Amino acid sequence: MSEEQHATLVAEQFDDQVQQYQAASLGMWVFLTTEVLFFGGLFASYTIYRYLHYPGFEIGSHHLEVLWGATNTAVLICSSLTMALAVRAAQLGKIKDLIGFLVVTLIFGLIFLFIKFAMEWRHEYLEGLAPGVNFTYAGPHAHQVEMFMIFYFVLTGLHALHMIVGCGIMTTLIILALRGAFSKGHYNAVEIAGLYWHFVDIVWIFLFPLLYLIGGRY
Amino acid sequence: MLCLLPLLPKQASTVAPSVDHLLWFVIGISVFFTALIFLLLLVFAIKYRRRAPDEVPQQIHGNIPLELTWTIIPIIIVIVIFVWGVDLFVRERRAPMDAVHVYVVGKQWMWKLQHPEGPREINTLHVPVGVPVELTLTSQDVIHDFAVPAFRIKTDVLPDRYTTEWFTATRTGRFPLYCDQYCGTFHSEMRGDVIVMTLPQYETWLSGEMHHTETMAAAGEKLYESYGCITCHGTGKAPPFVGLYGAKVRLEGGQTVIADDRYIRQSILDPSSQVVLGYKPIMPTFQGQISEDQILQIIAYIQSLANTPGAQGAESAKETK
Amino acid sequence: MGTVTTTTLQQPQAEEYRVHYLNAKYGIKSWLLTTDHKRIAWLYLVSTTFFFVIGGVAAAMMRLNLVSPQGAIVQPETYNKLFTIHGTIMIFFFLAPAVPTVLGNFLIPMMIGARDVAFPRLNLLSWYIFITAGMIFIYSVIAGGVDTGWTFYTPLSTSYVNTHVISAAMAVFISGFSSILTGLNFVVTIHKMRAPGLTWFRLPLFIWSMYAASLIFILAMPVIAITMVLVMLERLFHVGIFDPALGGDPILFQHLFWFFGHPEVYILVLPAMGVISELIAAFSRRRVFGYGFVGFSSFAIAVLSFLVWGHHMFVSGQSVYAGIFFSAMSMAVAIPSAVKVFNWTATLYKGSVSYEAPMLYALGFIGLFTIGGLTGVFLASLGLDVFLHDTYFVIAHFHFIMVGGAVMGYMGGLHYWWPKMTGKLYPDYWARLAACIIFIGFVLTFGPQFILGFEGLPRRYAMYPPNFQFLNIMSSAGASILAVGYIMPLFYLVWSLKYGPEAGPNPWGAKGLEWETASPPPVHNFDKTPVVTEEAYAYGAHPAPVTTAAS
């Protein structure tokens, strides 16, 4: 790569590419810290209410679609693998592989969202378990079950929002890759997007047992 | 001597002098350090004023012993204030065992008070001088705060739970009472008076009021009948109330709880959350059908049954390990 | 901070036309789409000043109303809206952004010898998010206002008031993201963009305190954001997250709110503390006494700020043990604060002290912050808080910190760096006069409120018993003096833009990389990346000549 091309890849506020890369990477880590706190506030509230209203949380949890939840967990774990492979491909400069892995990751993300909304949320809505919209559950501990469902929808909704953003990022990366924006040694965006994607996966890894597996279903 | 200054309201409770001692101590510390800093700033700013435009002063980087001094001295001072404050707080919170009870319900924007003997008051509280009074407070809507500056006491009044505060008035008179927690449009009008009377005066007042009212326990007993509690709790289909108050209760699921005000209140409003071991969860919720005052009356009724001897309901108490 | 003169000073001459960041481009687009941190600082300066005026007008109306025990001009409902507007705007739309986004944006890259912040476009995005949030809040005010108080306590805010809580909560939620992104940008910039030779222990203390404040932004703001989401959901769908009638816990809201809310207070004052370190050093021509102690005390304050939230809840039924823990932690904050005050005072000792306007603000800050900090000890003490909680004593205490501290620091900083930002000098006589008026007005406004608190007057009272009237009138009189003091800089600073004499690169003879480049600075701050070989505030080594336009 010639000096001129090199210069255009470094934004004017940076001295060189190393500095630019380090700044972007640190920036993403700091951003993920704020995300941890963002979900942290919710997890803290969840924990307190689960302690206070355990029976209702158990009942609520047993109303969830655990098989679909488990499927989604598997889907996301696979997507993390393909994301990691995409970063690896970018490091090696294998642009075709990179595009392929990114597309697979995107597809996994879309499958996740489809299952989340069409299979789970829709089902819960029809079952009358959507607080504030359609909540008809009238069995024991109705208020507590409602509280559980609020946390279920807020937590999974917030996570789904992050997934939607993630899919947007994947699409952008694919377009950039097709346009030839990445080459060996120039793949910061892929690596940083990978950090984000893995973070969103990890959040789900916490959400799944917290929401679906209360009180030993099997 | 200190009370001559008009800075603070007249001390009118037993804790007030203790609060004021600490207060004056911290005021003294604050005035001393404020004066010290202002004086040093003034002296330095004048003494070391710039005398020539190109003056270069001697450079001093720091001084470790000095840094340690002004770190350690404040540490010692705040430790003293901290310990003193904790000790005071514990005294402010721990009510004497022999206190007279008064029940307070806050609502937007008034205070409803009831004495166990029956008299009800709005925004006014009559108490005898020299007798410890313990308030049990709850709110039927938002968070309020029951504050009497002359007694130096204050506590938040929360919906869905009981808080307590206590005082022993030391002088007779009329002392303002404020809501200190912002509670909506007419927050500033949610105020009243505590009227402290001598014991004979108070007894006269109480018996005068009692002519046209019944005790809280009696009112609670009527509710016990009118709400139909009696149909189960009086027939053995549900746990009886005799000897219940203050006893340990075993619940379905194995936990043991103390049958206190909070437990009784929750059992009325959300019965399925704590079903007593050996009984069926048949009780309907009374959420929205019963007021906070009425719940307090039922609690008073259950409390009045606490010490009745030979009660078959005491089994739950004996059963505990 | 000296550099081996790799920086070529451009000595501006009146006739010579020099390209700098202000005249490099013209037109409204060149401002609204700029990614230059210096221009973004101006965007923030204009917008935070706008919000300051709104919040100030609300405060003026409150003080006017409190002249009479029955309320002189408005009904209680309106009064409640006024203090909510005042609190929310001043906290979220003026104080929190003021020093970081105006002075921080302008100075951080300059002080560390960088061309810009790490993410200039993100920086602009932060401003747009901030403006969006501000406009949503203005909408909620115009649509009818909100009367929950800036603390949005549940269940009042979620189930009982009928005002525009959702839009107000939305505004706070969105403004949080602006702060998060600004904090993120600053942390990365300070980590990765420092000039060669500029080690951590050579950084100006302003950078240290901005770094500490940015960490708080990053850690505290997400929590308020999610809390506001829950409040909005509860109102929108009538579900019981915090409503006790549905099994929610209103105290949980207070925990979440103050977990953010108390660090927020230090977000307000930490950057101002950094400004004061710079001012004290420059106007006594001395390295800040105990540099390391002042720097680390900023971090001590930042860390402790996350462990003190429970002191807002000593009387709300929190357990005694929690109360003891939070009391101890809150007391501990007094230590680093005291260390700072003593070190600043010691910096004057045997210095060469001059009294230009910024220095008057700095001296005022130290005095008022001392009082604000000491009165905080009253409230950190469990036994005393039971008496003083939620009274005017609290109001007076935090205004000494926020106005006597944060605003004085901001004003001082603005006057100190104004010549750098604009290239112009303002009339120092008027500036000094304004500083004195602000100081006197401030003490008259908030001094009497300590006594009101001792006497038991609760806060947020639209009407009050007549025996409190005298002190309230004193306070209102002081507020009118304070208002005059705040209006004056608006005039002479704007005047100086057109008529002020040329400032020159270093009108104060101060040390620091920002003074080694021209005023106003060129687009990329420095013509050549500076190399730093000295520690900060090296006034003894190479005396910095005063370089004004005339010299």
Side-chain angles (χ1 to χ4, degrees), chain A residues 10-16 18-49 51-53 55-57 130-135 141-155 157-158 161 192, chain C residues 35-37 109 114-122 176-177 179-181 183-189 191-193 195-196 214-215 217-227 229-230 233-234 236-242 245-249 251-253 255-256 259-260 523-525 529:
Chain A
V10 178
E12 59 186 13
Q13 71 272 20
F14 295 111
D15 291 335
D16 53 34
V18 176
Q19 190 187 26
Q20 170 162 319
Y21 167 70
Q22 287 182 344
S25 174
L26 180 65
M28 181 49 82
W29 280 108
V30 174
F31 176 73
L32 295 182
T33 313
T34 76
E35 291 278 37
V36 168
L37 267 292
F38 194 66
F39 280 100
L42 274 176
F43 279 132
S45 313
Y46 167 89
T47 310
I48 287 163
Y49 285 135
Y51 172 76
L52 288 175
H53 307 309
F57 271 49
V133 186
N134 177 23
F135 194 81
H141 305 294
H143 278 329
Q144 301 183 359
V145 175
E146 187 175 10
M147 180 80 78
F148 172 80
M149 291 311 292
I150 292 167
F151 277 98
Y152 167 76
F153 279 104
V154 174
L155 281 165
L158 209 57
L161 190 67
I192 287 159
Chain C
T35 53
D36 183 346
H37 66 101
R115 285 185 288 277
D116 206 322
V117 294
F119 310 114
R121 274 180 294 181
L122 195 67
F177 287 99
S179 301
I180 289 171
L181 294 180
L184 185 156
N185 220 334
F186 287 173
V187 166
V188 176
T189 305
H191 263 285
K192 297 294 175 196
M193 309 286 281
S214 300
L215 286 183
F217 271 133
I218 289 164
L219 297 177
M221 284 295 178
V223 179
I224 186 71
I226 197 66
T227 310
V229 169
L230 294 177
L233 284 176
E234 173 151 353
L236 272 174
F237 294 111
H238 305 286
V239 292
I241 303 170
F242 300 120
L246 297 170
D249 186 356
I251 297 293
L252 176 66
F253 172 85
H255 278 291
L256 290 173
F259 178 81
F260 139 83
V523 176
H524 285 305
N525 299 344
T529 304

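Worth saying up front: this structure is predicted, and the values here are computed from it rather than measured. Chain letters run A, B, ... following the sequence lines, proteins first and then strands; every chain starts at 1.
Residues A:Met147 and C:Val239 fail the side-chain proximity criterion, which asks for heavy atoms closer than 4.5 Å. Contact annotation: the side chain of C:Asp249 approaches that of A:Tyr49 to within less than 4.5 Å [non-hydrogen atoms, C-beta and beyond]. A:Leu158 has its side chain out of reach of C:Val229: every pair of non-hydrogen atoms, C-beta onward, lies at least 4.5 Å apart. Within the 4.5 Å cutoff, no side-chain heavy atoms of C:Val188 are placed close to those of A:Phe31.
Contacts between A:Gln22 and chain C at a heavy-atom distance below 4.5 Å involve backbone atoms as well as side-chain atoms. Neither the backbone nor the side chain of C:Leu236 has a heavy atom closer than 4.5 Å to any heavy atom of chain A. Heavy atoms of C:Phe259 lying under 4.5 Å from chain A belong exclusively to its side chain. Contacts between C:Ala225 and chain A at a heavy-atom distance below 4.5 Å involve backbone atoms as well as side-chain atoms. Contacts of C:His524 with chain A are made by side-chain atoms alone, with heavy-atom separations under 4.5 Å and no backbone atom involved. Only the side chain of C:Phe177 comes within contact range of chain A, with heavy atoms under 4.5 Å apart. Of the two parts of A:Leu26, the backbone and the side chain both hold a non-hydrogen atom closer than 4.5 Å to a non-hydrogen atom of chain C. Contacts between C:Ile224 and chain A at a heavy-atom distance below 4.5 Å are absent for every atom of the residue. Contact annotation for A:Gln144: neither backbone nor side-chain heavy atoms come within less than 4.5 Å of a heavy atom of chain C.
Distance check: A:Thr34 OG1 to C:Ile218 CD1 gives 7.5 Å after rounding to the nearest 0.5 Å. Between atom OH of residue A:Tyr21 and atom NZ of residue C:Lys192 there is a gap of 10.0 Å, rounded to the nearest 0.5 Å. To the nearest 0.5 Å, the span separating CZ on C:Phe119 from CZ on A:Phe14 amounts to 5.5 Å. Atoms CD1 and CZ, from C:Ile226 and A:Phe43 in turn, are 10.5 Å apart once rounded to the nearest 0.5 Å. The CG atom of C:Leu219 lies 5.0 Å from the CG atom of A:Leu37; values are rounded to the nearest 0.5 Å. Here the CE atom belonging to C:Met193 is positioned 9.5 Å from the CD atom belonging to A:Gln20, to the nearest 0.5 angstrom.
If you tally non-hydrogen atom pairs under 4.5 Å between each of C:Pro120, C:Pro109, C:Ala114 and chain A, the highest count goes to C:Pro120.
In summary, of the residues considered (C:Asp116, C:Thr189, C:Thr35), a side-chain contact (heavy atoms from CB on, under 4.5 Å) with A:Gln13 occurs for C:Asp116 alone.
Between C:Leu184 and A:Gly27, the closest heavy-atom pair is CD1-O, 3.6 Å. In this structure, C:Leu256 and A:Gly41 approach most closely via the heavy-atom pair CD2-O, 4.1 Å. The shortest heavy-atom contact between A:Ile150 and C:Gly240 is CD1-N, 4.0 Å.
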